[in-house]
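Contents: one structure, followed by commentary.
Chain letters run A, B, ... following the sequence lines, proteins first, then strands; residues in each count from 1.
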Number of protein chains: 2
Amino acid sequence: MGHTYEFARPALAVDVVVFGLDEEDLQVMLIQRDLPPFDGQWALPGGFVRVEETLDDAARRELVEETGLRDIYLEQLYTFGAVERDPRERVVTVAYYALVNLEGHDVRASTDARNAAWFPLSDLPELAFDHQEILEVAYERLRGKVRYQPIGFELLPDRFTLRQLQHLYEVILDRELDKRNFRKKVLAMEIVRETKDIEKDVAHRAARLYRFDKRTYDRLTRQGFNFEI
Amino acid sequence: MGHTYEFARPALAVDVVVFGLDEEDLQVMLIQRDLPPFDGQWALPGGFVRVEETLDDAARRELVEETGLRDIYLEQLYTFGAVERDPRERVVTVAYYALVNLEGHDVRASTDARNAAWFPLSDLPELAFDHQEILEVAYERLRGKVRYQPIGFELLPDRFTLRQLQHLYEVILDRELDKRNFRKKVLAMEIVRETKDIEKDVAHRAARLYRFDKRTYDRLTRQGFNFEI
DNA sequence: TGACTTAGTGTCTATACGACACTATTATAG
DNA sequence: CTATAATAGTGTCGTATAGACACTAAGTCA
């Protein structure tokens with residue numbers, strides 16, 4: 001039993017570039033394939049789109065199935081349609097990128113993710129298909145977007161220090177920022193709000209914890225405010 | 001004789017939002033459908049992707065077939081995958097936007113474009129499918145992009161006056177700009193180069209014609225220059 | 001209690017942006 | 001041929017913003 005169409009159709013897939021951040025690096029979630037083609041090689045999580053689900057739904061479903069990650073920030077990136085990008089047959093893939101903070105979501109704890117793992121962006125294995133290219137486009141987009149929209153907060157835990165926030169920008173933009181200027185700018189925007197707590201278990205003076213102020217962010221966004229860092 | 005697959009597949013289409021500019025308005029190219037669904041209604045040019053062509057190729061092919069426009073600036077926009085966006089069956093569409101100068105490309109002169117026409121963005125007919133939404137996303141993108149990347153030159157003839165260029169920005173950004181500040185900024189960027197000619201057949205002092213300097217633009221782009229207007 | 005580590009803070013200078021108005025040139029109408 | 005109308009083309013100044021720059025405060029740990 002199959003499905004028959006008058007004209008040949010490309011298969012339609014989704015792939016997701018999941019970025020995470022630890023103390024050191026920007027990381028990417030990859031899964032190890034256990035089927036041909038590219039058996040054993042690392043690849044982006046993803047899979048075929050079902051006829052009764054939206055593209056976003058397909059991306060979220062595949063993420064849960066393959067990595068255990070759910071309820072994370074997800075945005076459509078670009079659609080890749082080179083004719084020979086899959087050796088089996090014509091497959092067009094809608095690529096997404098996702099941001100997740102490593103503290104909140106433990107991949108190893110998820111059920112069916114034996115072969116999912118984080119890799120630092122600076123030291124990636126060879127990837128299947130054109131996933132290297134997709135990843136580069138995603139990183140490019142993340143860099144471009146973070147400069148004028150504070151999406152980076154998705155990479156941090158709920159409460160964070162300004163040092164962590166600065167580190168995030170430094171890792172994504174790949175350059176050092178001046179501490180005083182950075183704090184001036186971020187605090188002037190009023191999109192982070194001081195909490196009454198400070199960080200714990202650090203071997204030096206503890207820093208104040210801040211929280212992302214989504215309410216103010218939404219208001220400023222409606223006013224066309226420029227969040228450039 | 002048909003094509004049979006194990007799982008049901010969404011159909012894959014491309015649609016193109018073609019922007020053009022005249023002395024007054026930003027315009028959009030639409031075609032009048034002559035088949036159900038939405039028979040007789042206006043829609044974006046587009047059609048189904050063939051298995052042996054890339055997405056870009058499909059978009060260009062449909063543009064030529066339906067509007068006669070060829071060799072124009074084209075960029076992928078977003079992929080729309082709502083489940084019920086086509087009443088016949090599941091169709092996912094990769095949307096593109098294109099920029100074209102109205103002087104160089106006469107639509108009426110093209111062969112098979114009896115039912116293609118320009119409409120001012122401010123006075124559009126009701127559109128088929130979710131094309132209204134696609135168009136809004138495209139306009140949003142154009143506005144966002146033109147502010148920090150000089151793609152707008154595609155909307156102008158080869159040689160243009162600074163007045164025309166300013167008009168272009170005013171129409172796209174939907175606000176008035178100061179003539180002196182605008183000229184200062186554009187000339188400082190050195191992405192337009194003075195020609196030795198001036199415009200003709202105008203009932204007042206003729207303005208100098210300029211040309212877009214792609215070479216300098218490419219060099220500045222590589223240096224990460226910010227083209228914000 | 002001293003040494004180490006990071007938190008947290010302010011000033012000054014250079015540059016960029018935006019507000020603002022007049023003269024120059026050409027075509028055309030009377 | 002002269003007046004009028006229309007747009008071309010040009011510079012200054014005040015203000016806001018960005019970036020360079022260095023020290024004190026607080027807490028941990030040996």
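- For the pair R175(A) CZ and dA18(D) C1', the computed distance is 12 Å after rounding to whole Å.
- One interatomic measurement links the two molecules: NZ of K185(B) to C1' of dG9(D), which rounds to 19 Å at whole-angstrom precision.
- Partner of F160(A) under the side-chain contact (heavy atoms from CB on, under 4.5 Å) criterion, out of V192(A), L168(A), L209(A), N101(A): V192(A) alone.
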Using atom names, set out every protein N or O paired with an N or O of nucleotides 6-10 of chain C below 3.5 Å, distance rounded to 0.1 Å.
residue	atom	partner	partner atom	Å
dA7(C)	N7	K179(A)	NZ	3.4
dA7(C)	N3	R205(A)	NH1	3.3
dG8(C)	OP1	R208(A)	N	3.0
dG8(C)	OP2	R183(A)	NH2	2.7
dG8(C)	O5'	R183(A)	NH2	3.3
dG8(C)	N7	K179(A)	NZ	2.7
dG8(C)	O6	K179(A)	NZ	3.3

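- Nucleotide dA20(D) holds its P atom 15 Å from the CZ atom of F182(A), rounded to whole Å.
- Nucleotides of DNA chain D nearest to V202(A) and E228(A) differ in position, and the one nearer the 5' end is that of E228(A).
- The CG atom of L209(B) sits 15 Å away from the C1' atom of dG9(D) (whole-angstrom rounding).
- Rounded to a whole Å, the NZ atom of K200(B) is 18 Å from the P atom of dA8(D).
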Side-chain polar contacts of residues 221-229 of chain A - donor-acceptor pairs under 3.5 angstrom, sequence neighbours left out - could you list them?
residue	atom	partner	partner atom	Å
T221(A)	OG1	Y217(A)	O	2.7
N226(A)	OD1	E228(A)	N	3.1
E228(A)	OE2	R147(A)	NH2	2.8

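- For Y78(A) (side chain) and A95(A) (main-chain N/O), no donor-acceptor pair under 3.5 Å exists by modelled atom type.
- Ion pairing of R141(B) with E75(B) is absent here, as no side-chain N (NZ or NE/NH1/NH2) approaches a carboxylate O to less than 4.0 Å.
- Computed from coordinates, the D201(B) CG to dA6(D) P distance equals 19 Å when rounded to whole Å.
- Remark: R208(B) fails to qualify as a cation-pi partner of Y210(B) under the 6.0 Å distance and 45° angle criteria applied to the six-membered ring.
- When atom types are taken as modelled, the side chain of D178(B) and the backbone of N181(B) share a donor-acceptor pair closer than 3.5 angstrom.
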